[in-house]
There are 2 protein chains.
Amino acid sequence: MPPSPSGGLTIGDLADRTGLAVSAIRFYETHGILHPLRNAGGHRRYGRADIRRLSFVMIAQSMGFGLSDIAGYMVDLPAHRAPSKADWTRISDDFRKKIDARIAHLQNLRDRLDGCIGCGCLSLETCALHNPADEAAKGGAGPRALRTG
Amino acid sequence: MPPSPSGGLTIGDLADRTGLAVSAIRFYETHGILHPLRNAGGHRRYGRADIRRLSFVMIAQSMGFGLSDIAGYMVDLPAHRAPSKADWTRISDDFRKKIDARIAHLQNLRDRLDGCIGCGCLSLETCALHNPADEAAKGGAGPRALRTG
DNA sequence: CTAATTTCTCAAGTTCACTTTAGATCAAGA
DNA sequence: TCTTGATCTAAAGTGAACTTGAGAAATTAG
């Protein structure tokens, strides 16, 4: 199986390479994450760099970024080429900050959880386990899920 | 401002104490997380333990649990009393495992991110940064957000 | 060439965690 | 008492991230 006759990868190829559903790949396109070319028949044709872009998406998602954030990073990446080292360094610096913050939040939570059990107070409100001054509690409709921290 | 004339807290009191919206508190009730009593006029009356229950919900959410998971834990807690030390220990043991797993996932991610930048390969696919064998990629419709890890 | 597979578009459905709206009722302060 | 303000219910809307379905056109295997 050569990488598809002429031109690049089909959407199915890309799905196979990335493990994503075809529908998801199309969906990402509507959100400005991919910009495939079209062949004579109107079918999407992807380049090798698009595998990387989708890997990037998946990693960023598992780090807690939403698609719109990710699309924002994507704008800074070259559309059809592999990212330069500078591109990548800039983005990954940002990533590292977010990851570190997230880890710190969880460790904090775990440590305070230990303290609570140790002292047996069980009073979550006074136990400082729950810090209302967190960056939560701001946002409109929609899921709040883990934007926090 | 006494804790409300007779009986317990109103839904507004509870909202003030927890920082949650009134609508959210009602919503949680429909999901079996709270079971308030009603006064003569049909208004909800909450007890002091419900503040704790909601704190619990907020903490668990910030750890990545969904409401249905949380409701599951809630079933094991006494409905209108404060949880016993045994109750809490059992639950928090579970929590700790999840938190640790989450932290490990993120640290792993961060370390591999470093490696990728160090070697300059940028090839996320071959860089092992992205491990497709993760527990992701399974699920029907709905948000995938951070269930991973 | 034909049949089977893939892809196309567009609209609508799904889950989660809520919020918003509307109209009615209850409670509390002046 | 009257008039705000809080609460009530029920239904519909929101945003994120996709999936599913329908019908049509393109591609590929045999």
Side-chain angles (χ1 to χ4, degrees), chain A residues 1-2 4-16 18-34 36-46 54 57-58 60-62 64-71 136-148, chain B residues 1-2 4-16 18-34 36-46 54 57-58 60-62 64-71 136-148:
Chain A
M1 297 149 179
S4 279
S6 65
L9 304 157
T10 69
I11 196 169
D13 293 337
L14 195 55
D16 290 346
T18 59
L20 289 166
V22 166
S23 61
I25 297 177
R26 284 202 202 98
F27 176 75
Y28 290 158
E29 183 179 343
T30 69
H31 285 252
I33 284 172
L34 297 177
L37 304 169
R38 300 299 181 117
N39 74 356
H43 285 199
R44 293 170 177 83
R45 285 302 137 106
Y46 297 90
L54 289 181
V57 170
M58 293 162 83
Q61 281 188 321
S62 95
F65 290 97
L67 275 191
S68 60
D69 299 322
I70 296 174
K138 54 178 173 183
R144 227 38 94 256
L146 286 190
R147 305 265 164 270
T148 335
Chain B
M1 298 151 180
S4 280
S6 66
L9 305 158
T10 69
I11 196 168
D13 294 337
L14 195 55
D16 290 345
T18 59
L20 289 167
V22 167
S23 60
I25 298 178
R26 284 201 203 96
F27 176 75
Y28 290 158
E29 183 179 343
T30 69
H31 285 253
I33 283 172
L34 297 176
L37 304 168
R38 300 298 181 118
N39 74 356
H43 285 199
R44 294 170 177 83
R45 285 302 136 106
Y46 298 90
L54 289 181
V57 170
M58 293 163 83
Q61 280 188 321
S62 93
F65 289 98
L67 276 191
S68 60
D69 299 323
I70 296 174
K138 53 178 175 184
R144 226 41 92 254
L146 285 189
R147 306 262 166 272
T148 337

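Labels below follow one simple rule: chain letters A, B, ... track the order of the sequence lines, proteins then strands, and each chain is numbered from 1.
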Integer-rounded Å distance: [N] [atom2] and [X] [atom1]:
X       : N      : atom1 : atom2 : value
B/Arg45 : D/dA6  : CZ    : P     : 14 Å
A/Ile11 : D/dA25 : CD1   : P     : 20 Å
A/Leu9  : D/dT27 : CG    : P     : 16 Å
B/Asp69 : C/dT15 : CG    : P     : 16 Å
B/Leu20 : C/dA17 : CG    : C1'   : 12 Å
A/Tyr46 : C/dT7  : OH    : P     : 10 Å
B/Asp13 : D/dG5  : CG    : P     : 17 Å

Nearest atoms (heavy-atom pairs only) where B/His31 meets B/Ala71: O-CB, 3.6 Å
Between B/Asp13 and B/Thr10, is there a donor-acceptor pair closer than 3.5 Å when you use the side chain of the first and the backbone of the second? yes
Would you indicate, yes or no, if [N] has its OP1 or OP2 atom less than 4.0 angstrom from a side-chain nitrogen or oxygen of [X]?
X       : N      : value
B/Ser68 : C/dC16 : no
B/Arg26 : D/dC8  : yes
A/Arg44 : C/dT7  : no
A/Ser23 : D/dT20 : no
B/Tyr28 : C/dA17 : no
A/Arg38 : C/dT9  : yes
A/Asn39 : C/dC8  : no

To the nearest 0.5 Å, tell me how far [X] [atom1] sits from [Y] [atom2].
X       : Y       : atom1 : atom2 : answer
A/Leu67 : A/Gln61 : CG    : CD    : 5.0 Å
A/Phe65 : A/Ile70 : CZ    : CD1   : 8.0 Å
A/Arg44 : A/Arg38 : CZ    : CZ    : 4.0 Å

Residue met sooner reading DNA chain D from 5', once A/Val22 and A/His43 are mapped to nucleotides: A/Val22
If each of A/His31 and A/Gly42 is mapped to the nucleotide of DNA chain D with the nearest heavy atom, which maps nearer the 5' terminus, i.e. the 5' end? A/His31
